[in-house]
Student: 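Before anything else, here's the structure in question.
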Amino acid sequence: MGSYPFLDGCIGVTLESGPSMVPIFSNTEIAFRAKSNAALRRSYWLFKAVEYPWLVRMGSALGRLALQLRLPVQWIIKETLFAQFCGGESIDDCKATVDGLAEYGIGTILDYSVEGLDTEASFDATLQELLRTVEAAGKSAAMPFAVFKMTGIARFALMEKLQQDLLLTDSERAEWQTSLARLDAICSRAHALQVRVFVDAEESWIQAPVDSAVALMMERYNRESPVVYNTLQMYRTDRLSFLSAQVARAKANGYWYGAKIVRGAYMEKERERAKLLSVTSPIYPNKMATDEAYDAAIRLCCENLETVAFCAGTHNEVSCQKLIQWMQLHGIAATDKRLYFAQLLGMSDHISYNLANASHNVAKYVPYGPVRAVFPYLVRRAQENTSIQGQSSRELALIRQEWQRRTRQ
Ligand SMILES: Cc1cc2nc3c(=O)[nH]c(=O)nc-3n(C[C@H](O)[C@H](O)[C@H](O)COP(=O)(O)OP(=O)(O)OC[C@H]3O[C@@H](n4cnc5c(N)ncnc54)[C@H](O)[C@@H]3O)c2cc1C
């Protein structure tokens with residue numbers, strides 16, 4: 001039995017390890033080594049502010065209104081939420097962030113975070129920007145992945161209709177073919193440049209056509225190496241069997257299965273919709289069940305590394321520790337490119353920087369886009385830090401610890 005009893009039986013293994021095997025996420029000197037005192041102070045006040053749900057609600061509503069009325073509030077947003085959670089307004093703008101992360105062995109995943117566009121012209125424009133992110137990653141070892149959402153290049157309502165097996169009109173069929181061509185353009189470019197690309201997961205009621213389209217891309221482009229990765233939200237009760245079937249299919253057909261394993265970001269929305277439609281919620285009833293499914297998915301990936309390459313997209317320390325433990329027990333090198341960890345910029349630096357310090361493959365999503373366009377993303381980050389239990393208080397405790405360490409010196 002190891003010194004980490006809470007990890008015993010983790011993802012199905014018995015632990016025999018000692019403390020030195022696990023990077024210590026509480027090392028704040030490493031966690032905040034890239035932050036000046038001023039940047040640390042700014043992060044402190046930001047996480048302090050988002051602890052108050054009423055403040056987040058009021059700030060979001062006022063910010064949205066001010067942006068709609070074109071009031072000069074962009075600089076306030078840029079100095080606060082944007083500075084914490086975004087890399088810049090354009091790819092070039094993100095250079096300092098990319099270099100800063102690379103200095104400490106952390107990769108960047110450029111995330112073009114413009115949302116809510118729903119016209120063919122906007123999808124075409126988004127495609128061009130996404131291709132630029134793939135090109136940028138192709139030129140830089142500091143960018144191991146690109147990422148995008150299907151709703152950035154295809155119409156939400158169309159995918160909803162596809163999922164419901166409703167008959168499409170001729171023009172809708174043509175529209176879906178155009179969307180698939182956009183998807184193929186990104187994946188084929190990624191394949192040519194050997195850039196790995198994540199397709200984010202979204203609401204369950206559009207996910208089926210996304211899954212099918214991404215599986216097709218994997219069959220096409222993951223023959224020699226893993227290029228295309230789908231995302232699996234383990235809060236969904238059907239995802240473990242889905243993952244298992246997809247891995248078996250990849251194995252039988254001789255291609256790599258690329259997976260980003262996350263818990264899932266749309267829990268409240270999913271539950272509300274299920275209630276509204278009087279159907280069973282697709283989400284596990286409690287956090288423990290989601291955690292168990294998350295562990296099981298990671299175990300499944302780990303046990304099939306001859307077919308699977310995956311990324312644990314999580315801010316959960318225990319999930320990261322369990323995976324590291326498994327790698328160590330099975331002699332998988334920290335630098336093995338089949339396994340990656342990923343976090344979001346501005347969150348859980350203690351995980352990212354300590355993982356990188358222990359030579360693990362780790363990357364951060366670096367969202368970017370015009371302030372006005374990324375505002376919904378910023379609001380979600382603020383809400384997440386308010387609503388996810390202990391998230392902002394954990395960040396605050398770590399910052400305080402680091403502050404004390406610095407002032408003691
Ligand atoms: C790099 C990266 C990429 C991501 N990509 C995506 C993506 O493509 N699609 C997507 O949907 N999300 C994505 N996310 C967000 C992710 O799904 C989680 O919402 C977020 O990371 C919090 O989960 P956690 O594992 O970090 O931490 P935790 O704090 O351990 O887990 C919180 C999560 O647990 C689940 N949960 C909480 N309470 C309950 C409950 N009562 N019942 C059931 N489940 C519960 C929810 O999923 C919640 O978000 C991504 C996150 C990261 C870091």
Side-chain angles (χ1 to χ4, degrees), residues 28 31-101 104 106 108-116 265 315 342-353 364-404 406-407:
T28 59
F32 298 112
R33 63 201 335 184
K35 278 209 191 303
S36 64
N37 286 351
L40 199 63
R41 213 174 288 122
R42 189 192 57 210
S43 297
Y44 178 82
W45 287 114
L46 197 106
F47 282 112
K48 192 87 198 133
V50 300
E51 268 199 321
Y52 300 96
W54 64 268
L55 194 58
V56 170
R57 271 198 303 275
M58 199 175 75
S60 311
L62 286 177
R64 211 171 286 125
L65 185 70
L67 286 172
Q68 268 165 15
L69 297 174
R70 303 201 170 261
L71 298 177
V73 289
Q74 298 211 7
W75 67 272
I76 306 179
I77 300 169
K78 221 168 163 183
E79 290 299 312
T80 53
L81 285 170
F82 191 90
Q84 178 73 21
F85 297 117
C86 288
E89 296 203 67
S90 64
I91 295 178
D92 284 347
D93 238 14
C94 293
K95 191 176 180 316
T97 305
V98 177
D99 293 347
L101 291 170
Y104 296 104
I106 300 170
T108 286
I109 307 166
L110 285 176
D111 179 17
Y112 181 54
S113 295
V114 172
E115 300 178 8
H315 297 145
Q343 288 80 43
L344 308 183
L345 186 72
M347 287 175 73
S348 296
D349 282 348
H350 66 302
I351 296 181
S352 313
Y353 281 78
K364 290 241 191 215
Y365 269 37
V366 174
Y368 75 94
V371 174
R372 178 185 305 279
V374 301
F375 190 68
Y377 173 87
L378 295 174
V379 170
R380 274 210 311 285
R381 289 290 77 78
Q383 285 167 344
E384 184 180 16
N385 279 288
T386 300
S387 65
I388 291 185
Q389 212 181 9
Q391 191 82 266
S392 62
S393 51
R394 181 178 73 178
E395 299 280 357
L396 283 170
L398 289 161
I399 295 173
R400 267 192 219 106
Q401 190 184 321
E402 172 59 7
W403 195 253
Q404 278 163 9
R406 287 186 190 185
T407 47

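In what follows, residues are counted from 1 in the order of the sequence shown.
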Student: Check whether the side chains of Ser348 and Gln343 place a donor and an acceptor atom closer than 3.5 Å, and report yes or no.
Tutor: no

Student: Met347 and Lys364: which non-hydrogen atoms are nearest, and at how many Å?
Tutor: O-NZ, 2.6 Å

Student: Show the nearest heavy-atom pair for residues Phe82 and Gly88, with the distance to one decimal.
Tutor: CZ-O, 3.3 Å

Student: To the closest 0.5 Å, what do you measure between CH2 (Trp403) and CG (Leu396)?
Tutor: 14.0 Å

Student: Quick one, Val366 and Val98 - any side-chain contact, counting heavy atoms below 4.5 Å?
Tutor: no

Student: Would you mind reporting whether Lys35 and Asp349 have side-chain heavy atoms less than 4.5 Å apart?
Tutor: yes

Student: Would you say the side chain of Leu344 lies within less than 4.5 Å of the side chain of Tyr377, judging by non-hydrogen atoms?
Tutor: yes

Student: In a table with atom names and distances, give each donor-acceptor pair under 3.5 Å that connects a side chain of residues 40-50 to protein atoms at least two apart or in another chain.
Tutor:
from: Ser43; atom 1: OG; to: Ala39; atom 2: O; distance (Å): 3.1
from: Ser43; atom 1: OG; to: Gln84; atom 2: OE1; distance (Å): 2.9

Student: Within this structure, what is the CZ-OH distance for the pair Arg33 and Tyr353, rounded to the nearest 0.5 Å?
Tutor: 9.0 Å

Student: Could you walk me through whether Leu110 and Ile91 pass the side chain to side chain contact (heavy atoms under 4.5 Å, CB included) test, one step at a time?
Tutor: CA-CA 8 Å; Leu110 285 176; Ile91 295 178; 3.8 Å; yes

Student: Does a sphere of radius 6.0 Å around NZ in Lys95 hold more than 12 heavy atoms from other residues, nucleotides or ligands, not counting ones at 6.0 Å or beyond?
Tutor: no

Student: I need the minimum non-hydrogen distance between Val374 and Cys86, along with the two atoms involved.
Tutor: CG2-SG, 4.1 Å

Student: Quick check: closest heavy atoms across Ile399 and Phe32, and the distance to 0.1 Å?
Tutor: CG1-CZ, 3.9 Å

Student: On a heavy-atom basis, which atom in Pro370 and which in Val114 lie closest, and how many Å separate them?
Tutor: CD-CG2, 4.0 Å

Student: How long is the gap from CD1 on Ile77 to CZ on Phe375, to the nearest 0.5 Å?
Tutor: 5.0 Å

Student: Taking all heavy atoms of Leu345 and all of Gly87, pick out the closest pair and write down the distance.
Tutor: CD2-N, 3.9 Å

